[in-house]
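A short worksheet on the structure shown next.
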Amino acid sequence: MKRIGPLIVERRLAPPRHVVFGVSVLAVVVALLLAALVFWAYGVSPWRAYAEIGRGTLGTVGGLSDIVRRAIPLILCGVGLTLAFRAQFWNIGAEGQLLAGAVAASGVALFLRVPDVLRLPLVFLAGFGAGAVWAVIPALLRVKLQVNEVISTLMMNYIMAYIVEWLVHGPWKGPTMRGFAYTDMFPVAARLPLIAGTRVHWPTLAVGVAAALVVGLILSRTRLGYEVRVVGQSPDAARYAGISFTTVLALTMVVSGGLAALAGVGEVAGIHWRLRSPSHISMGYGYTAIIVAWLARGSPVAAILTALLFGLIFAAGDLMKSTLGLPFQITGVFNGLILFSLISSDLLMYWRIRWGKKGEAWT
Amino acid sequence: MNVRKLWLLVAALVMGGLLAMGADKIKAGFIYVGPIGDYGWTHAHDVARRIVDEQYDWLETVYIESVPEGEVETYIDQLVRQGCNVIFTTSFGFIDGTFAAAQRYPNVIFAHASGFKRAPNMATYMADFYQVYYLNGLMAGALTKTGKIGYVGAFPIPELKRHISAFTIGVREVNPTAEVHVRWIYEWYNPAAAKEATEALIAEGCDVFAFTEDSPTVIQVAAERGLASFAHYSPMYAFAPDYVVSGQLVHWEVIYDDFLVKVHEGVYTNKNLTHVDYWWLLAQKAAELGAEIGMPVNPQYVAPLQGYVIDHPTFGRISVYDLVFVRYNQMADPGITFDPFEGPVYDRKGNLVVPAGMWMSYDHLITMEWAADGVVGPWPGEP
């Protein structure tokens, strides 16, 4: 607690829900006002800009479906990350796990000889498995060798990105691609069905929403969820209670990495229908998902909402480039402003300011 | 018919004509993979867009930059919604998205750069440099003292393999023992990697440089050591006027101009583009020799090139400077009489890849994977 003149600034231990929600909305509004200044400085009327963005994103079926499509990988990665963060395992590797899923999915889609009915299920299974393996490695490194997971998960992103690059330039380069660095197109049986008239690959969406609900239930209602939370809050207490640190962390990362990998499966089997350069498969979904999970405050179900919010931000950025003819850097500034305000609003949630009572003591 | 009726008829005709002209307005949308400030591929397309936009009052253009390859369909949707009736997509990776959109919007005309999928309403186009690289190679071969020329390449794809091999064939034509050392950086734009690659090549003994990367980094790093280099894609002479010998310049506007005028005149429609595939080179003025528009060779390098005289199997004793222009004319005149890949051509493994007296077909050129004799270094996908 600190006194500044007549005001007292004090820490809130657990901000109530309405404060979290209110402050977050306020942060977005502040960001929109700041962005309005940027638009105005660039010579675009902020009213027109927001009217176009509103109409183009929320006002049309095409716009809405675009938000959902962009949110799918963020939901899957975000749900996985909320789980990892609850165990206080700082998984920065969703991007690499996503790419691992894309690689395994492409391998099964292109090269495995199986009946068509089995192909899509196997694409999903292989994707999940690859992401799980890629994510369990840093968990084991942490448990057995005390390797900091922030570094190891981050570095493994680069390794996987180069593996993808090597595959599309080397052994998996498609014979029909005339030497360009792409695999061939997936056979029709390995492509995800879309909601008619949109590019929303609904099976991945359904898996993402289901995963959010199931992970939410596991965390709040099961013994495993309890163990994850205890491991996260106090490893010593967990050890004392006889919880196996190794098992819990490994399981957490299997699920976290597997879900991120399913996001990669969705992108290659639902959007691209091939493996291509990593920056075009993912566009940083694995990194954005860190913020998605962080804003969801550890709740997998809330991650659906925050993922949709970022889907909206991405879609708004697309519109600014195309409809308003703004340079792509402005899109980056716009996204950055919203993120910056949301993250800095954290301070307002955990501290509150009130009038000091007469004679209230300094502490 | 009285005079009044005649006037009415004339008025009606004029009105009809005006309406028809109104309907002929073209709104062309351009979708770019990179930022327009990249000083390379996207920049060149955008310069061309502005040139044609200013040329014709029936033409309006819009563009979207930095479009990820998987997102092209979303942006095409938005351009169509804005009323574009011609859409250019300028990256190979846009191929499937453009093709799918061409099926979805049969009344819109599409043109896709560097691809091979066409439809009644989808053409393809490409301006290629391999002839210019060959001319650069002639000069590089004359200027190297160490017999080692460095090449910083973006990606090992047929386009670059074709350019490096044409360059090397030029080098060897005037300097039969010189080598072209290649380093790949796996990025179209990465000044840091280009710098590292150039320094590694300098350490290997290379003293003349050419490259494929969308920044003037290689030129600047070479110039710091007092070494000569060849510019790529954009006018880069000003970055090192004492060291940039020549280079390759692109003129996409000649293709855009030709295509849009033909659409405007009704020659190209949404029904007849299945066989429209531009492959434009020096002769069509889509490519230019030089590091600065209108300057094929840096004046500072004219004397050294004139001083390097060889015994040429076709032209006898000739300076490399003269040879460059003889070859240039052979390729730039509409009746082309020379091609850098004129057989016999052997790859670096000793296989005969172009038989004596033959030229390579277009299909072979754009799918070329082998390395010409004289190329040194990794060559992923080498047959």
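Lettering of chains follows the sequences in order, A, B, ..., and the numbering in each one begins at 1. All values reported here derive from a predicted model rather than from experimental measurement.
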Rounded to the nearest 0.5 Å, what separation is found between the [atom1] atom of [X] and the [atom2] atom of [Y]?
X: B:F92; Y: A:M177; atom1: CZ; atom2: CE; value: 5.5 Å
X: B:E187; Y: A:S277; atom1: CD; atom2: OG; value: 8.0 Å
X: B:Q78; Y: A:L319; atom1: CD; atom2: CG; value: 4.5 Å
X: A:R178; Y: B:F116; atom1: CZ; atom2: CZ; value: 5.5 Å
X: A:Y182; Y: B:I157; atom1: OH; atom2: CD1; value: 8.5 Å
X: A:D66; Y: B:E73; atom1: CG; atom2: CD; value: 11.0 Å

Query raised in the report: Among A:M283, A:K173, A:H272, A:R199, which has the most heavy-atom pairs under 4.5 Å with chain B?
Result: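 Winner by heavy-atom pair count: A:R199.
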
Query raised in the report: Under a 4.5 Å heavy-atom cutoff, which of A:Q329, A:R70, A:E267 has the most pairs with chain B?
Result: A:R70

Query - Geometric class of the B:F155/A:H169 ring pair [parallel <30°, tilted 30-60°, perpendicular >60°] - result: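 Rings of A:H169 and B:F155: parallel, under 30°.
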
Taking everything shown except [X] itself, do over 12 heavy atoms lie less than 6.0 Å from its [atom1]?
X: B:Y105; atom1: OH; result: yes
X: A:Y158; atom1: OH; result: no
X: B:W279; atom1: CH2; result: yes
X: B:K195; atom1: NZ; result: no
X: B:W359; atom1: CH2; result: yes

Of all the heavy-atom pairs spanning [X] and [Y], show the shortest one and how long it is.
X: B:D96; Y: A:M185; value: OD2-SD, 3.7 Å
X: A:F180; Y: B:P158; value: N-CD, 4.2 Å
X: B:E65; Y: A:K321; value: O-NZ, 3.3 Å
X: B:I64; Y: A:S322; value: CD1-CB, 3.3 Å
X: B:E71; Y: A:D318; value: OE1-OD2, 4.3 Å

Query - chain A contact via B:D77 - which portion, at a heavy-atom distance below 4.5 Å - result: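 Neither part, no heavy atoms under 4.5 Å.
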
Report task. Heavy-atom distances under 4.5 Å only: say whether B:V72 touches chain A with side chain, backbone, both or neither. Result ->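 Nothing of B:V72, per the 4.5 Å heavy-atom cut-off to chain A.
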
Query raised in the report: Is it the case that B:T74 and A:R69 place a side-chain donor and acceptor less than 3.5 Å from each other?
Result: yes

Query - A:P171 versus chain B, the contacting section by heavy-atom distance below 4.5 Å - result: neither

Report summary line: So, the part of A:T198 with a heavy atom under 4.5 Å from chain B: the answer is neither

Report task. Name the member of B:G37, B:G93, B:P156 that forms the most heavy-atom pairs with chain A at distances under 4.5 Å. Result -> B:G93

Query raised in the report: When heavy-atom pairs shorter than 4.5 Å are enumerated against chain A, which of B:P380, B:G29, B:P35 gives the highest number?
Result: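 The option with the most such pairs is B:P35.
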
